[in-house]
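Working notes, beginning with the structure itself.
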Protein chains: 2
Amino acid sequence: MASKAGNRASIHDVASHAGVSAATVSKFLHGVSTIKAANVEKIKAAILALDYRPDPLAADLRRARRNIIGLIIPDLQSEFFGALASRFETLAEKEGYSLSIASSHESEDRELELVERMSSWRVAGTILAPVRSERGTGAGRMKELGMDGVFVDRVNSDTEYDTIGVDNAKASAEVCRMLSNIGHRHVLLLGLGQVSKNVRLRVSAFQQEALRFCPEMQIDVILTTGGVDDLRVKLGEQLDREPPTAVYSLFQKTTLIALSEFRRRGLSCPKDISLIGFDDADWMQVTYPAVSAVVQPVERLADSAFAQLIARLNGSKDPALSHLENCELVIRESVGPISRRQGVERWAAT
Amino acid sequence: MASKAGNRASIHDVASHAGVSAATVSKFLHGVSTIKAANVEKIKAAILALDYRPDPLAADLRRARRNIIGLIIPDLQSEFFGALASRFETLAEKEGYSLSIASSHESEDRELELVERMSSWRVAGTILAPVRSERGTGAGRMKELGMDGVFVDRVNSDTEYDTIGVDNAKASAEVCRMLSNIGHRHVLLLGLGQVSKNVRLRVSAFQQEALRFCPEMQIDVILTTGGVDDLRVKLGEQLDREPPTAVYSLFQKTTLIALSEFRRRGLSCPKDISLIGFDDADWMQVTYPAVSAVVQPVERLADSAFAQLIARLNGSKDPALSHLENCELVIRESVGPISRRQGVERWAAT
DNA sequence: ATGAAAGCGCTAACAC
DNA sequence: GTGTTAGCGCTTTCAT
């Protein structure tokens, strides 16, 4: 595994081997067609003979702008951001860029560093999925540095940058109507961890839609930062004291917790209680009952964001766009109409 | 969001602003201490005044070798590789490299392309997690190109490159002994999808250990490429016909399937049947019963591989190392000793 | 249709 | 201590 480095052929080597100038080789490489056929052959031969492969970084150094797009995500380990990164990678390649992926590890300080680095690298554009939209450390720095880019996912609309997210509010309103339509009049919203703007929207949109569409619906909210165990306790108390007929879980993790607490208490889902969760996962199709979920359109999110970025890189001066992609409700076994048993209890209670 | 690009200060701007030469500024930036205090101040002032930030790519162009480490993983969406990438990123930064992450999307062709690209970029070293160890397209090309690097995860030992993986065989043997110790004499191994070397090891090591440690153990194997539904059917047949007392699931996904099939059939876990899966996941702690798992030491895997790479980059000429990290068995509720009921059936059967 | 020359931003000898 | 010079590998006018 010795370093056989240092002897790579350069464009000049190719040129002299082919008996032409470096400029001609460069033109050949970029598909300029006005080259004598004889020279084309000689150049091809030289490239083959010397096993020449161009150095994209050197090329970028000469050009004003690098053929690199930077992506900053909060977390490399979650499936959501993994899928997002994966899609961006595919899109970037297709446009002739390469994607430089970095994770801020949910740290605003590191996010800031990464923005600086993308700027140092003179990337063509930067896609930022902020740690949290609220303070926007990285976002602010991008403005100061005059960088081209777009914001994704946990974003507020912005005056300078295009923002592309997922319509948390609309999805929650739909969940509300759907549950109401099949008879549910008492729903528990279940959340965990630090509350981002996205999550606040999930709650408030549900509540507002209920007010408008089904005012008699009782809505309870459990939203703890106390961790899994604390949530389990609080959920357990609620299930014992005043069980709702449906639970709308705001995170993947809380969906899991709800499911396991139902089982522990012998609540049959969906007969005794329905469950729907925000954010889909593979395992939800395979549990028994299969779990209903709000599916985030990761690919469309990526596609929109990327299209927008490319437009900017091509010089679009349109006012900053603020776009939300629609989620899809996938109803699986865990959601059903309220049953006779639930109905009876309800009538008894009123 | 106009491109305010093109006007970035270069090291020469700083130099002239400070009244020194570019070389001096460069030295200052690299912490060379033999610079007149007065000049240090002037340089600092100039950097501040011009908001100068160096271009690491230009620097790397001049140096023989870039301060970049390439990482090629099969998949950006799985938690396992996500965690691996995340860890490598942290380690690389700590050593002053930046990590360039790319996904081969489980395609050998793309893996090959990515190896070529890493070479084109003249990265200092490349960490390759191959799509499959068997044919080793990317690995072969790395040799041909004389690249520095290490192989991770789905690897055979190699004569030229260090290989770092996880000890699938040892973990499986442990699972076998553990199940045997608590009385299980009929175990079903459950797998899905294309069978890689890792998976073959999981099966054969279990079988061999049984032969040595508990020859009377009956081992059935269901290993289908027919997809989830096919697996469900086959598993169902087995559970009806000749139910084992324990299932050792070879993948995360099959663990989920096993769990849901148990439930559908009213099998109580672990009373009627025990379950342990290869590869841990968050959701396994939170199901009811919580699922036992073979935990892969992702961080240690990354740490070992990275240490080895750094050693190579620093010129180590030791013979290629082949290292396996040990997994850990985490026993949760889903595994228990065989119960009286199972015992009775067993005696009746013999 | 091709080449000479200049330079992207930086570093590394070596001279002073 | 510091500056000069030469160039990393490539692209790009601008002549020819």
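Given the structure is predicted, the values throughout are model-derived calculations rather than measurements.
- For C:dT2, neither phosphate oxygen OP1 nor OP2 lies less than 4.0 angstrom from any side-chain nitrogen or oxygen of A:Thr24.
- One can place CD1 of B:Ile47 at 10 Å from P of C:dC10, the figure rounded to the nearest angstrom.
- Heavy-atom nearest nucleotides on DNA chain D were determined for A:Tyr52 and for B:Ala23, and the one closer to the 5' end corresponds to B:Ala23.
- A salt bridge does not link B:Arg300 with B:Asp303: every distance from a Lys NZ or Arg NE/NH1/NH2 to an Asp or Glu carboxylate oxygen is 4.0 Å or more.
- Side-chain nitrogen and oxygen atoms of B:His12 include none within less than 4.0 Å of the OP1 or OP2 phosphate oxygen of C:dC10.
- What separates NZ of A:Lys36 from P of C:dG3 is a distance of 9 Å, to the nearest Å.
- When each of A:Ala58 and B:Lys27 is assigned the nucleotide of DNA chain D with its nearest heavy atom, B:Lys27 is the one assigned upstream, toward the 5' end.
- Remark: the A:Ser107 side chain and the A:Ser104 side chain contain no N/O donor-acceptor pair separated by less than 3.5 Å.
- The distance from atom CZ of A:Arg62 to atom C1' of D:dT11 is 5 Å, rounded to the nearest whole Å.
- For the pair A:Ser10 and D:dG9, the criterion of a side-chain N or O lying under 4.0 Å from OP1 or OP2 is not met.
- In this structure, CD1 of B:Ile11 is placed 8 Å from C1' of C:dG9, rounded to the nearest angstrom.
- With rounding to whole Å, B:Arg8 atom CZ is found 9 Å from C:dC10 atom P.
- Between B:Ser26 and C:dT11 there is a side-chain N or O to OP1 or OP2 distance below 4.0 Å.
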